[in-house]
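To start, the structure itself, in structure tokens.
Basis for what follows: all heavy atoms, side chains included, without hydrogens, waters or symmetry-related copies.
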Amino acid sequence: MLPASQLDPAAMRLASLACALALLAAPAGAQEARIGLELFPNSLDPHWHNFGGNKGFAAHLYEPLVALDASERPTAALATEWSAETPTTWRLTLREGVRFHDGAPLTAEDVAFTLRRAAAVPGSPSSFAVYLRQITAVETPDPRTVLLRTETPFPLMPVYLSQVPVVSAARPAVTTAERLSAPGPTAWSRGRAAR
């Protein structure tokens with residue numbers, strides 16, 4: 001290592017600037033989360049418009065049944081297990097202990113409601129039906145089990161389910177603009193993060 005007297009003054013200034021910037025970038029004890037998005041959402045409803053800006057925003061508030069890893073392989077999210085019981089029946093097991101922001105537990109009925117709603121939101125310019133049209137029936141034999149029936153074999157079901165955020169069935173009469181109860185740690189109220 002060279003003594004400071006032998007270092008280039010421009011290199012010293014650059015190193016000092018880098019250290020100062022590193023200190024400024026250190027995490028602070030902030031009380032609110034700020035989310036930066038490349039595309040601005042045109043709705044807070046996670047099912048109203050199958051659009052990148054909405055999907056990017058919804059990913060901060062909602063969870064799908066299945067997630068995709070960095071290699072685009074299905075991985076557990078709200079569903080911990082899924083399997084094709086028959087060529088035309090998928091069984092999903094829901095993760096225990098998940099609660100919506102209003103405190104209601106996630107149940108198979110919420111999933112059934114989500115799958116019906118996401119495919120048919122009134123006035124949607126681009127619905128999520130593209131991911132759900134293979135499903136001909138949804139059955140909920142118990143609170144943690146969902147059976148999805150299809151007319152023909154559909155091996156991409158877990159991948160398609162990764163595109164649909166799950167919402168609560170507890171408030172089915174809520175308007176599209178007000179539907180903001182999501183599973184996870186972040187509450188949202190009247191357009192502002194709730195503390």
Side-chain angles (χ1 to χ4, degrees), residues 41 43-122 124-172 174 176 179-186:
S43 173
L44 296 180
D45 183 319
H47 301 143
W48 185 71
H49 189 184
N50 183 14
F51 160 67
N54 294 356
K55 290 167 79 172
F57 184 78
H60 293 284
L61 300 174
Y62 299 91
E63 240 181 300
L65 290 166
V66 179
L68 298 178
D69 68 14
S71 298
E72 300 293 317
R73 289 182 301 243
T75 186
L78 293 177
T80 57
E81 299 174 24
W82 55 89
S83 62
E85 285 195 328
T86 72
T88 59
T89 302
W90 283 87
R91 175 181 290 273
L92 294 93
T93 303
L94 300 180
R95 189 171 74 211
E96 287 189 68
V98 176
R99 296 200 170 269
F100 288 95
H101 295 134
D102 62 4
L106 170 70
T107 68
E109 289 300 325
D110 295 308
V111 173
F113 172 78
T114 294
L115 298 178
R116 285 189 307 270
R117 180 182 192 275
V121 174
S124 172
S126 176
S127 82
F128 284 75
V130 67
Y131 304 116
L132 304 171
R133 64 176 48 124
Q134 299 290 331
I135 300 171
T136 58
V138 179
E139 298 171 22
T140 56
D142 64 63
R144 290 193 49 235
T145 305
V146 179
L147 298 176
L148 303 178
R149 309 259 185 216
T150 61
E151 193 168 307
T152 60
F154 190 63
L156 292 176
M157 185 66 75
V159 174
Y160 277 40
L161 292 175
S162 73
Q163 300 302 306
V164 183
V166 174
V167 298
S168 172
R171 295 185 280 154
V174 174
T176 298
R179 176 158 285 292
L180 296 173
S181 185
T186 307

*With sequence neighbours left out, what residues match Pro125 under side chain to side chain contact (heavy atoms under 4.5 Å, CB included)?*
Trp48, His49
_My understanding is that only residues two or more places apart in sequence, or in another chain, count here; which of them pass side chain to side chain contact (heavy atoms under 4.5 Å, CB included) with Thr150?_
Thr88, Gln134, Phe154, Met157
Interatomic distance, [X] atom [atom1] to [Y] atom [atom2] [nearest 0.5 angstrom]:
X	Y	atom1	atom2	result
Phe128	Asn54	CZ	CG	7.5 Å
Leu148	Thr89	CG	OG1	9.0 Å
Tyr131	Leu161	OH	CG	11.5 Å

*Are any of the side-chain heavy atoms of Pro141 and Leu147 separated by less than 4.5 Å?*
yes
*Is there a side-chain contact between Leu65 and Leu94 (heavy atoms, below 4.5 Å)?*
yes
*Do we see a donor-acceptor contact under 3.5 Å between the side chains of Thr136 and Glu151?*
no
Anything under 3.5 Å between a donor and an acceptor, one on a side chain of residues 72-83, the other on a protein residue two or more places apart or in another chain? List them.
residue, atom, partner, partner atom, Å
Arg73, NE, Asp69, OD2, 3.2
Arg73, NH2, Asp69, OD2, 3.4
Thr80, OG1, Thr93, O, 3.4

Can you sort out the partners of [X] under side-chain hydrogen bond (donor to acceptor under 3.5 Å, both in side chains), two or more places apart, ordered by chain and number?
X	value
Thr107	Asp110
Ser71	none
Arg95	Glu63

Provide the closest heavy-atom pair for [X] versus [Y] in the form atom of the first, atom of the second, distance.
X	Y	value
Pro165	Tyr62	CB-CB, 3.5 Å
Leu44	Phe57	CD2-CE2, 3.3 Å
Thr145	Ala108	O-CB, 3.3 Å

*asked:* Filter on side chain to side chain donor-acceptor pair (under 3.5 Å), then keep only pairs touching residues 157-167, sequence neighbours left out; what's left?
replied: Lys55-Gln163
_What verdict does the side-chain contact (heavy atoms from CB on, under 4.5 Å) test give for Val164 and Thr114, after you've listed the backbone C-alpha separation in whole Å, the side-chain angles of each residue and the deciding distance to 0.1 Å?_
CA-CA 8 Å; Val164 183; Thr114 294; 4.0 Å; yes
_Suppose the criterion is salt bridge (charged side-chain N to carboxylate O under 4.0 Å, His left out): which pairs have a residue in residues 85-94, not counting sequence neighbours?_
Glu85-Arg91
With sequence neighbours excluded, tell me which residues meet salt bridge (charged side-chain N to carboxylate O under 4.0 Å, His left out) with [X].
X	result
Glu139	Arg149
Arg116	none
Arg133	none

